[in-house]
Amino acid sequence: MTSLPDPRRRGKLPARYAAIVLPLVLSLLMTFVISGVSTLMSLGPTSAFVSTWPAAWALSWIVAFPTLVVLLPLVRRLVAFVVEAPPQK
């Protein structure tokens with residue numbers, strides 16, 4: 001008899017993909033919010049906002065994702081320089 005895979009582990013990527021998944025998710029969420037706020041402030045709550053925001057979001061994400069992939073290792077080093085490491089148990 002074969003056992004079913006553990007449902008908590010099904011569908012997860014291996015840990016080695018975290019270096020790409022983290023900036024992917026972060027860039028999607030941040031550009032969604034920032035492009036929405038920026039577009040809303042410049043156009044106001046109009047139909048032009050609804051038609052303009054997706055293109056603004058796409059363009060900002062195209063810039064943000066590779067930027068995060070490149071800069072995240074540097075940011076981690078800077079944070080490690082400024083923040084004390086947790087005590088070892």
Inset, instruction - Give the minimum heavy-atom separation between S27 and W61, together with the two atoms involved. - result: OG-NE1, 2.8 Å
Legend entry - T39 side, atom OG1; F49 side, atom CZ - distance, nearest 0.5 Å: 6.0 Å
Inset, instruction - Treat each ILVMFWY residue as a node, draw an edge where side-chain heavy atoms are under 4.5 Å apart, and state whether V63 and V69 are in one component. - result: no
Legend entry - Euclidean distance, T52 OG1 relative to L40 CG, rounded to 0.5 Å: 11.5 Å
Legend entry - OG1-CD1 distance between T67 and I62, expressed to the nearest 0.5 angstrom: 11.5 Å
Inset, instruction - Check T31 against S35 and note the closest heavy-atom contact, atom names and distance. - result: O-OG, 2.5 Å
Inset, instruction - Measure across L28 and W57 and return the closest heavy-atom pair with its distance rounded to 0.1 Å. - result: O-NE1, 3.4 Å
Inset, instruction - If the plane angle is over 60° it's perpendicular, under 30° parallel, otherwise tilted; pick one for W53 and F32. - result: tilted
Inset, instruction - Tell me who clusters with L13, hydrophobic residues only, linked when side chains sit under 4.5 Å apart either directly or through other members. - result: Y17, V21, V25, L29
Legend entry - Common cluster, V50/V33, ILVMFWY with side-chain heavy-atom separation under 4.5 Å: yes
Legend entry - Atom pair CZ (R77) and CG (L72), whose distance is rounded to the nearest 0.5 Å: 10.5 Å
